[in-house]
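Worksheet: the structure to be examined is printed underneath.
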Amino acid sequence: MTLLRTAPPTAIFGMLVLAATLLTGIFAPLVAPYGETEIVGAEYLPWSAEYPLGTDNLGRDMLSRMIYGARNTVGLALLTTGIAFGLGAALGMFAALKGGWVDQILSRAIDVVMAVPPLILALMLLAIIGPSIPNMVGVIAVIYLAPVYRLSRAAAMNVVSLDFVDAAKLRGEGTLWLLRREILPNISSTLVAEAGLRFCFVFLFIAALSFLGIGIQPPTADWGSMVKENATLITFGDVTPLIPAGAIALLTVSINFIADWMLHRASGLKS
Amino acid sequence: AEPQKGGTLRVGFTQGSTSDSLDPATYSNDFMFATSYAVFSTLVEIAPDGSAKPDLAESYEATPDAATWTFRLRDDATFSDGKTVTANDVVASVRHHMGDQSKSGVKPLLAQITDIKADGDKVVVFTLQSGNADFPFIFNDYHLTIRQDQGDGTIDPDTRIGTGGYVIEAFEPGVRIELARRDDYWKEGAAHFDKVLILKVGDAAARMNALMTGEVDLIDRPDLKTIHMLERNRDLRIHTQNGTLHYTMPMHVTTAPFDDVNVRLALKHAIDREAIVQKVLKGYGTVGNDHPIASSMPFYNADLEQHAYDPDKAKHYLGKAGLDSLEVTLHTADAAFNGAVDASVLFSEAAKAAGISVNVAREPDDGYWSNVWLQKPFCTSYWGGRPTPDLMFSAGYAADADWNATKWQNERFNELLLDARAELDESLRAEMYGEMQMLCQTDGGALIPAFGQYVSAMNTRVAMPEKVSEMWDLDSQRFIERWWFA
Amino acid sequence: MTRLQKLILSRLALGILTLFVVSALMFVGIELLPGDLAQQILGQSATPDTLRAFRAELGLDQPPHTRYLDWLSGVVQGDFGQSLASGRKVSDLLGTRLANTMFLAAYAAVIAVPVAVTLGLLAALWRNSIFDRAANIGALSAISMPEFFVAYLLIMLFSIKFGWFPTLARLDTATGLGDALYVTFLPALTLIMVVIAHMMRMTRAAIINVLASPYIEMARLKGVPRWRVVLKHALPNALAPIINVIALNLAYLIVGVVVVEVVFSYPGLGQLLVDAVASRDFPVVQAVGLFFAGTYILLNVAADILSILSNPRLRHGR
Amino acid sequence: MLTIRDLSLEAGPRTDPKRILDRFDLDLDRGEVLGLVGESGAGKSSAGLAAMGFTRDGVRIAGGRIEFDGTDLARASQSALRRLHGRRIAYVAQSAAASFNPAHRLIDQFAEGPVLHGTADTATAHEDARALYRQMQLPNPDEIGFRYPHEVSGGQLQRAMTAMAMACRPDLIIFDEPTTALDVTTQIEVLGAMRDITERYGTAAIYITHDLAVVSQMADRITVMRHGREIETAPTPRILESPQEDYTRSLWAVRSIRKPDATGAAEPILTLEATSAHYRSFRALDGIDFTLARGRTTAVVGESGSGKSTLAKVIAGLMAPSEGRVLWNGAPLAGDHGKRTRAQLRDIQMIYQMADTALNPRHTVRETLDRPVSLFTNLKGKARRARVRELMELIELDPDEFLDRRIPELSGGQKQRIGIARALAAEPKFIICDEITSALDQIVAEGILKLLIRLQQELGLTYMFITHDLATVEAIADEVMVMKNGKIVESGPRARIFEAPQEPYTKRLLASVPQMDAGWLDRARRDAAEAKSAEAPA
Ligand SMILES: Nc1ncnc2c1ncn2[C@@H]1O[C@H](COP(=O)(O)OP(=O)(O)OP(=O)(O)O)[C@@H](O)[C@H]1O
Ligand SMILES: Nc1ncnc2c1ncn2[C@@H]1O[C@H](COP(=O)(O)OP(=O)(O)OP(=O)(O)O)[C@@H](O)[C@H]1O
Ligand SMILES: [Mg+2]
Ligand SMILES: [Mg+2]
């Protein structure tokens with residue numbers, strides 16, 4: 001609670017938005033007036049008491065899809081970012097700790113991944129292994145793992161040269177302990193700040209994949225795909241696609257407010 | 001209004017690829033179809049009323065068994081380099097698509113030809129394996145545009161010299177082509193635009209934006225989701241054609257559960273065709289009746305009972321199949337047709353009422369035709385249609401057809417197909433084709449929910465004859481030489 | 001300087017090795033993709049017969065390693081082969097597209113980089129002011145919108161509503177520079193919106209990071225005005241991270257613009273690559289892929305070298 | 001010229017501010033040098049900066065006046081302050097290496113002030129820089145300005161910074177611990193040069209330090225500070241001889257600890273045989289031979305870069321020797337810690353110089369101590385918790401207060417104690433202490449040394465004590481080993497080394513230790529110059 005009291009207004013705003021999104025996501029079936037895929041009326045109905053945000057191109061309730069979209073979008077992005085950060089950070093720290101050929105091999109492999117344009121890599125990998133949701137999560141995680149690896153390796157490099165790591169080695173600590181207890185806590189603020197942006201990039205990436213014809217499976221509601229499905233309307237001055245796009249923007253800004261604050265706190269502790 | 005000459009027509013096309021080339025054996029998209037008809041010409045064209053009509057050929061006739069066809073060429077038709085068209089050119093152009101080395105899409109249709117002979121300068125004789133009353137229709141195909149014989153019985157596949165109304169000024173595959181009218185075009189009353197520019201604009205929104213801002217005059221396949229917005233614009237006109245285009249969901253009748261005709265019937269009654277026409281096609285289409293013959297085609301069977309959405313009936317058929325619920329996976333992608341994914345989702349929603357769960361599996365657009373179509377037991381697909389029932393059934397429903405997407409092998413149907421082809425009596429043919437449509441509908445593996453209209457949009461300056469050929473989009477892709485600016 | 005030269009050489013050698021691995025991986029990737037060129041080109045109209053014939057003609061019936069080695073030996077001699085799909089020389093195919101891609105990237109970069117760095121500097125200078133906050137929120141919102149959506153918004157505004165700019169970015173050889181800048185303004189603006197935020201935030205963070213250094217305090221205690229502290233004392237020491245993020249974004253401008261190309265029908269390399277992957281046209285995929293990977297690697301090496309040059313400690317190695 | 005009255009500085013949230021300076025007074029006349037002394041965190045730097053009207057970010061002036069030549073700097077505008085800074089009041093920071101901008105040449109940084117303030121154009125400023133460099137006795141004064149900071153040694157940088165401060169011939173210079181980061185031999189040269197230049201231009205100065213010996217050489221008057229308050233101010237001779245306050249006396253007394261002399265025969269515990277170590281091709285240790293005696297303290301001294309830490313790393317197993325071998329209780333010891341037995345790892349422990357980096361800032365004190373206890377002993381549950389508390393008591397920290405604090409919430413001295421406790425947790429036989437007091441101020445350092453002496457007596461530990469501070473050596477060593485360029489140049493019992501050093505290098509080192517008496521600096525400079533010339537041929 002004292003933590004919350006010291007938070008700047010921007011961070012409080014961010015946390016409120018995030019909490020609201022998570023809650024709506026978790027309780028989507030209770031909150032949403034209609035089903036996720038239920039066709040409730042004609043297409044493109046305007047806003048009304050019955051359909052607060054109107055209906056979409058198949059006559060599904062926009063509001064309900066936004067609510068279910070929160071669940072799918074945020075859930076998937078969290079999962080993907082989580083995997084990318086988990087693996088990327090683990091490998092990056094491992095490379096920094098071991099140095100030598102382990103570092104060389106891992107770093108060169110990551111170079112290769114980064115040298116291939118991400119969209120192309122995703123298109124090819126998904127075409128090879130098939131575009132199911134688990135596959136998509138895996139592929140995006142692999143793509144985003146690369147920059148996370150680099151970042152955490154660079155950050156961990158600064159830490160592994162510190163004496164407390166030597167001290168832990170001299171205690172005979174195993175690699176896992178060194179990574180988890182000695183290094184990770186010291187690079188976590190860097191990772192958190194990065195995770196804020198990456199988290200958003202992930203669902204933008206999913207949206208871009210949808211744009212190119214792969215991505216989340218219909219009729220699953222997801223904000224990125226919802227922008228895509230309705231995007232053409234914007235050129236006719238229809239605001240419908242602005243709703244999911246606005247939701248993405250709001251969430252991005254909020255998450256980064258929180259990340260900024262955490263970073264600030266972490267750096268404040270250090271000095 | 002009378003056609004007028006002049007103006008530059010700018011067109012935004014959905015299709016077109018970097019891998020396009022002028023080689024007629026490789027044509028596979030609208031961009032090249034339209035180009036092919038504008039720059040080269042065919043022996044026969046399909047007239048607006050759907051009948052075959054001589055084009056480079058002056059006339060053609062068959063022996064009574066319809067197994068030998070003699071085509072006589074026009075005297076005045078010239079290539080853009082001034083040479084006149086000879087029988088040898090025709091022989092070389094057709095041969096280009098035949099033989100072991102050929103990779104042409106039209107090769108299977110030409111397999112029935114046992115011999116081609118030039119009889120003098122102006123006459124070509126085709127000998128067929130067996131009689132085919134519809135043979136001339138084949139020569140409307142965009143692959144079979146005529147090139148010059150190089151002197152050794154072959155053509156130069158990359159040549160730009162054609163017999164059409166336009167010559168190529170610039171061509172960037174997958175990007176654009178610029179055409180200019182030939183002043184010495186031999187065909188009367190055709191090729192009105194001075195210049196034509198076709199751009200590949202793959203993104204539907206981009207296409208519509210370009211039309212609205214006046215950057216192009218004509219686009220194909222506007223996004224039906226937003227077409228109501230275009231309709232409101234008074235400078236624009238939506239053009240529709242009731243073609244032979246139809247959307248299908250082929251089931252492999254050899255794979256469970258689709259091997260049970262009752263399951264097939266249950267699914268055929270669990271789909272809400274009206275909803276698909278309204279919501280996916282936005283009204284630009286008509287419901288299908290699970291056979292591929294369009295109402296505008298000859299020998300259409302108007303007496304068949306229309307399959308309609310009826311969950312109870314679907315349940316009834318499920319019961320007959322000994323099931324009380326059913327779960328199937330429908331593989332789909334918008335590559336199959338624009339809106340295929342939405343249509344599948346609608347199907348899935350409607351089928352719930354009949355206790356059937358249809359899982360929609362979206363596949364990547366890229367590779368759809370090689371990985372999903374013909375491979376997965378239940379998927380979405382489309383047929384551009386064929387001018388005659390014989391061509392349609394032979395291509396996609398005959399037991400030995402390469403594209404028999406349902407693996408359907410109905411003996412009676414296949415017998416009728418052969419008999420009808422050789423039959424010259426029109427009313428007998430009608431009876432036979434009628435029965436074949438019925439067999440398709442009740443026993444076949446294809447669920448055909450809707451026939452789509454070809455929709456295009458253009459600004460009001462673009463004018464066209466009152467009646468256009470409806471087999472394919474845009475006057476069967478001959479709009480470049482048939483349309484004009486008002 | 002010899003140390004620097006050695007470093008450049010070793011980085012380039014490593015880059016070439018990476019390129020080699022990338023090309024091998026992409027080849028394997030294309031091999032693993034279901035379907036092959038013949039099927040893709042023939043599409044729905046493929047028959048077993050035509051497929052066989054087509055494969056033989058293209059040499060697809062050869063074993064994969066033979067094809068790869070053939071291709072590789074060609075590349076080593078500077079011959080990228082021909083497109084399997086259209087039979088045209090890959091170098092011809094790439095020519096104009098490459099120029100287009102570079103043009104758009106340069107256009108966007110020339111505007112985005114100075115603007116982003118300036119905004120970042122100002123945000124750092126006026127840290128926690130209204131300006132800083134507004135720039136931050138604006139930047140975050142800009143990157144949080146899908147690229148194609150940004151593009152549609154710009155089209156809606158500038159093409160449909162005001163009619164100032166065309167929606168199709170058509171370039172051909174006859175287009176003059178002025179016209180070219182005009183027709184590609186909207187795609188360039190889209191890209192600018194997408195890349196500016198990242199660079200701006202990094203500039204700001206790097207500067208603020210440096211502002212905590214003792215030598216900044218020293219400069220202030222010498223009576224140096226604030227703006228000069230930021231520009232003269234902080235910026236040179238913050239260059240390395242800024243250069244790196246600029247390199248990353250430049251690479252993105254060249255490599256990652258498929259979506260923008262699609263929306264504006266801009267004939268660039270991205271679409272070519274997507275088309276080539278779709279048709280399994282491996283010489284083209286390889287050539288474009290190698291170009292992209294090479295761009296990325298070169299930009300990274302350039303960034304490293306610039307970072308070193310910007311840092312006297314590294315420049316005159318010990 | 002400068003009068004500070006009732007100055008209070010605050011930091012932290014306004015609702016719960018932390019006082020950094022509390023009603024602080026200071027007076028300084030033209031040309032006078034005032035020494036500011038006190039323990040770490042006493043507020044010395046804050047006071048020095050306040051004399052310039054400057055506060056660090058997060059610190060604000062809560063009251064009082066800072067009058068410089070008639071203007072109140074506490075209320076002056078930013079631009080007015082900017083005109084004063086560098087021109088009339090200059091600042092010399094503690095770490096010249098950190099305070100020179102690494103991106104610019106020395107001479108450009110020198111010229112920036114005069115050019116900005118309009119006192120000189122670039123050419124004149126460069127001319128002046130060379131003159132000042134010469135006066136500061138920098139080598140190659142004409143050329144050195146064109147180097148970048150990293151190309152110049154620490155002592156030279158500190159002199160260059162003093163020259164830079166003189167650039168506009170200010171009336172007042174604030175020296176903030178300008179020699180703390182230098183080793184003793186270098187310190188002498190820098191101190192001398194600084195004193196010369198201020199005398200020559202009659203510049204007034206505030207000299208901040210925690211080293212009394214140093215300040216006694218530099219200052220006319222000395223102010224002792226504690227907790228942001230002035231404790232006592234008096235002219236240098238008087239405050240040295242008759243300090244009035246207890247606190248001042250305790251500061252003075254620091255240098256008096258002595259370890260009782262070791263008795264009895266010593267058996268060897270650790271032996272190095274012809275051991276060398278390399279960083280790539282650089283030979284950091286060059287054929288080291290020595291034996292450490294059980295229960296004794298061996299001090300290893302030598303200037304920076306002589307290989308002291310490398311020696312520690314080799315013994316600890318962090319770095320494998322490239323030649324020779326290490327024997328532990330007569331048995332060979334693997335070069336790599338990963339190949340040592342658990343017992344060996346436990347027996348040899350290390351305490352580090354920088355407590356900040358030696359303890360994981362993300363752990364609590366409890367976590368830091370609990371881990372080695374659980375790894376090296378069989379204690380479980382309650383016994384283990386009791387052991388942790390016992391360790392805290394050993395190092396004289398209250399377990400209830402400190403166990404749940406995070407490392408960053410501790411002071412430097414407290415951190416160092418935790419570092420010691422962590423080493424003790426393993427119940428070792430041998431502890432390597434690498435410069436463990438050099439980052440601490442003297443009072444705190446004294447406490448640590450006393451603690452180590454006590455622990456040795458109670459637990460029979462053997463120490464290897466690395467340092468470059470000879471005062472510390474005098475306090476605790478039994479044996480002394482002098483290193484230079486990776487070799488041992490001289491070793492023997494403490495008394496012999498201190499009373500009869502054999503090597504010129506050792507002599508110079510000894511002469512460099514600051515003394516409180518007034519003439520030391522002049523004497524030391526003379527001696528150093530002689531020693532250097534004597535060393536050169538050898
Ligand atoms: N910017 C700041 N924000 C908050 N507290 C600060 C800040 N700067 C210094 N302090 C606190 O003010 C007190 C005095 O600091 P100051 O740097 O003046 O001490 P010092 O006597 O110079 O110590 P040292 O010998 O370690 O340099 C310390 O407790 C320190 O933690
Ligand atoms: N990691 C390293 N790589 C290369 N050279 C090193 C490394 N660490 C130390 N050196 C060099 O080895 C020599 C001995 O260094 P070491 O740290 O042992 O000196 P030291 O006596 O402990 O000095 P100080 O008093 O400054 O701590 C120095 O010249 C140093 O520059
Ligand atoms: Mg201080
Ligand atoms: Mg050391």
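In what follows, chains carry the letters A, B, and so on, assigned in the order in which the sequence lines appear, proteins first and then strands, with residues in each chain numbered from 1.
- Interface remark: of the candidates Leu162(A), Leu170(A), Ile183(A), Leu170(A) forms the most heavy-atom pairs closer than 4.5 Å to chain D.
- Interface residue Leu359(D): only backbone heavy atoms are found under 4.5 Å from chain A.
- For Arg422(D), the part sitting under 4.5 Å from any heavy atom of chain A is the side chain, from C-beta outward, and nothing else.
- Looking at Leu176(A), Leu178(A), Leu106(A) one by one, the single match for side-chain contact (heavy atoms from CB on, under 4.5 Å) with Phe94(A) turns out to be Leu106(A).
- For Arg346(D), no part lies under 4.5 angstrom from a heavy atom of chain A.
- For chain A, the option among Met354(D), Lys313(D), Arg371(D), His337(D) with the highest count of heavy-atom pairs below 4.5 Å is Arg371(D).
- In this structure, His363(D) and Trp177(A) have perpendicular ring planes: the angle between them is above 60°, well past the 30° mark.
- Each of Leu16(A), Thr10(A), Val17(A) was checked for a side-chain contact (heavy atoms from CB on, under 4.5 Å) with Phe13(A), and the lone residue meeting it is Val17(A).
- Summarising the geometry of Leu452(D) relative to Tyr463(D), their closest heavy-atom pair is O-OH, 2.7 Å, with the distance given to 0.1 Å.
- Heavy-atom distances place no part of Gln349(D) under 4.5 Å from chain A, backbone and side chain included.
- Residues Gln353(D) and Asp434(D) have side chains that never bring a donor and an acceptor to within less than 3.5 angstrom of each other.
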